[in-house]
Structures are given as structure tokens and as C-alpha cells.
Amino acid sequence: MIISIASDHAGFEQKQLLAAYLEEKGYEVHDLGPDSDDRVDYPDFAAKVAHEVAGGVAAYGVLVCGTGIGMAVAANKINGIRAVNAINTQFAELCREHNDANIVTLSGRFVDVEENKRILDVFLSTDFGGGRHAGRVEKIMALETPSA
């Protein structure tokens with residue numbers, strides 16, 4: 001399974017650690033940058049991951065910035081993306097089970113790397129629940145297409 005990952009400067013250190021963690025667990029990781037902790041604009045990197053996920057190149061995406069919030073907002077501008085900012089394992093489980101999230105955004109400043117590893121484990125191992133949630137996800141995705 002391919003996982004695309006990126007960050008901004010605030011999330012760079014954790015991105016490096018999380019990419020290595022995912023590789024150790026056997027995932028193929030596409031690190032889409034940045035290559036240093038020099039200041040960058042997070043929407044540029046959110047778009048790279050979102051396009052890979054929306055295009056089917058990667059099964060899931062991981063984005064890390066200071067809070068994870070800006071990355072989620074930016075990634076959700078790409079059609080086909082359901083990016084959710086997860087700050088604990090319960091959020092990770094529910095965003096997959098209820099919302100079929102395909103990108104998880106993480107806080108590199110307010111959540112430590114060990115908790116972010118646990119969040120990734122839960123996010124990547126939780127299946128979409130379907131059932132009553134499927135219709136809701138369909139309604140969310142229908143918001144991408146303007147009505148005629």
C-alpha cells in the first residue's frame with residue numbers, strides 16, 4: 001500500500017520520523033516534501049498529497065503541520081478528498097469508520113510523535129463502516145459538484 005506524506009516547516013521533524021515509521025511497518029511511502037525545515041507554505045504540500053490520493057496513486061495521505069488544521073482545510077479543496085485533523089486515536093477511528101477519510105492531518109507542535117504513530121496505526125487499520133454512513137459520505141461528496 002502506498003502512503004503519500006508531506007509537511008510544512010512546523011511538521012518537518014515529525015514527518016521525517018513518521019515516514020520512517022510507516023516504512024518500517026511495510027508501507028511504500030511517497031515523501032512529497034519538503035526536504036528541510038526551511039519555511040514553506042503548507043497549501044503547496046497539502047495539494048501534492050491530495051492530488052496523489054485523489055488520483056489513485058496513493059491509498060491514503062498523511063499531512064503534518066503545526067496544528068494539522070491548515071493542511072486539512074487545504075487538502076479538502078481537492079475533489080475526492082476527505083481530510084480530517086486527528087488529535088487522538090478516537091478521532092482517527094471515527095474519521096475512518098464514519099467519514100471514510102482518505103487523508104489524516106496531524107499536529108507536529110501539539111501532539112507528540114508517539115501519539116501520532118498511534119493515530120496512524122488506528123487510521124490505517126480502521127475500515128469504513130458503510131451502512132448509514134455511506135449515504136452521508138455520498139452527500140458530502142455531492143457537495144463538490146455544483147447543482148445545475
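Worth saying up front: this structure is predicted, and the values here are computed from it rather than measured. Sequence positions, counted from 1, serve as the residue numbers for this chain.
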Side-chain heavy atoms under 4.5 angstrom apart, residues restricted to Ile, Leu, Val, Met, Phe, Trp, Tyr: same cluster for [X] and [Y]?
| X | Y | answer |
| --- | --- | --- |
| Ile87 | Leu94 | no |
| Val122 | Phe128 | no |
| Val73 | Ile81 | no |

Locate the shortest heavy-atom distance separating [X] from [Y]; write the atom from each residue and the value.
| X | Y | value |
| --- | --- | --- |
| Thr89 | Glu115 | N-OE2, 3.7 Å |
| Glu144 | Gly80 | OE2-N, 2.7 Å |
| Gly70 | Cys65 | N-SG, 4.3 Å |
| Ser107 | Gly66 | OG-O, 2.6 Å |
| Ala46 | Met71 | CB-SD, 3.7 Å |
| Leu63 | Ala75 | CD1-CB, 3.9 Å |

_Between Gln14 and Asn116, a side-chain donor and acceptor under 3.5 Å_ =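 Yes, a side-chain donor-acceptor pair sits under 3.5 Å.
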*Have Glu97 and His133 got a donor and an acceptor in their side chains that come within less than 3.5 Å?*
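Result is no, nothing qualifies.
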*Sort out for me which residue in Ile119, Ile3, Val64 forms a side-chain contact (heavy atoms from CB on, under 4.5 Å) with Leu18.*
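Only one of Ile119, Ile3, Val64 forms a side-chain contact (heavy atoms from CB on, under 4.5 Å) with Leu18, namely Val64.
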*Name the one of Val57, Val49, Ile5 that satisfies side-chain contact (heavy atoms from CB on, under 4.5 Å) with His30?*
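Between His30 and the candidates, side-chain contact (heavy atoms from CB on, under 4.5 Å) is satisfied uniquely by Val57.
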At what distance, to the nearest 0.5 angstrom, does [atom1] of [X] lie from [atom2] of [Y]?
| X | Y | atom1 | atom2 | value |
| --- | --- | --- | --- | --- |
| Gln16 | Ser36 | CD | OG | 9.5 Å |
| Lys117 | Glu114 | NZ | CD | 4.0 Å |
| Asp41 | Asp8 | CG | CG | 9.0 Å |
| Tyr60 | Leu124 | OH | CG | 7.0 Å |
| Asn99 | Arg136 | CG | CZ | 10.0 Å |
| Asn102 | Ile78 | CG | CD1 | 11.5 Å |

Decide if atom [atom1] of [X] counts as having more than 12 heavy atoms of other residues, nucleotides or ligands within a radius under 6.0 Å.
| X | atom1 | result |
| --- | --- | --- |
| Tyr42 | OH | no |
| Phe91 | CZ | no |
| Glu23 | CD | yes |

*Determine, step by step, whether Leu106 and Val62 satisfy the side-chain contact (heavy atoms from CB on, under 4.5 Å) criterion, reporting the C-alpha distance in whole Å, the side-chain angles of both residues, the deciding distance to 0.1 Å, and the verdict.*
CA-CA 7 Å; Leu106 304 171; Val62 178; 3.9 Å; yes
*Going through the distances and angles, do Phe123 and Cys95 end up as a side-chain contact (heavy atoms from CB on, under 4.5 Å)?*
CA-CA 8 Å; Phe123 181 84; Cys95 79; 3.8 Å; yes
_Carboxylate-amine/guanidinium proximity below 4.0 Å for Asp127 and Arg96_ =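 No, no charged N to carboxylate O under 4.0 Å.
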*asked:* Run Asp37 and Glu13 through side-chain contact (heavy atoms from CB on, under 4.5 Å) and show every step you take.
replied: CA-CA 7 Å; Asp37 63 358; Glu13 182 179 337; over 6 Å; no
*asked:* Applying side-chain contact (heavy atoms from CB on, under 4.5 Å) to Val84 and Val104, what does each step give before you reach the verdict?
replied: CA-CA 5 Å; Val84 177; Val104 63; 6.0 Å; no
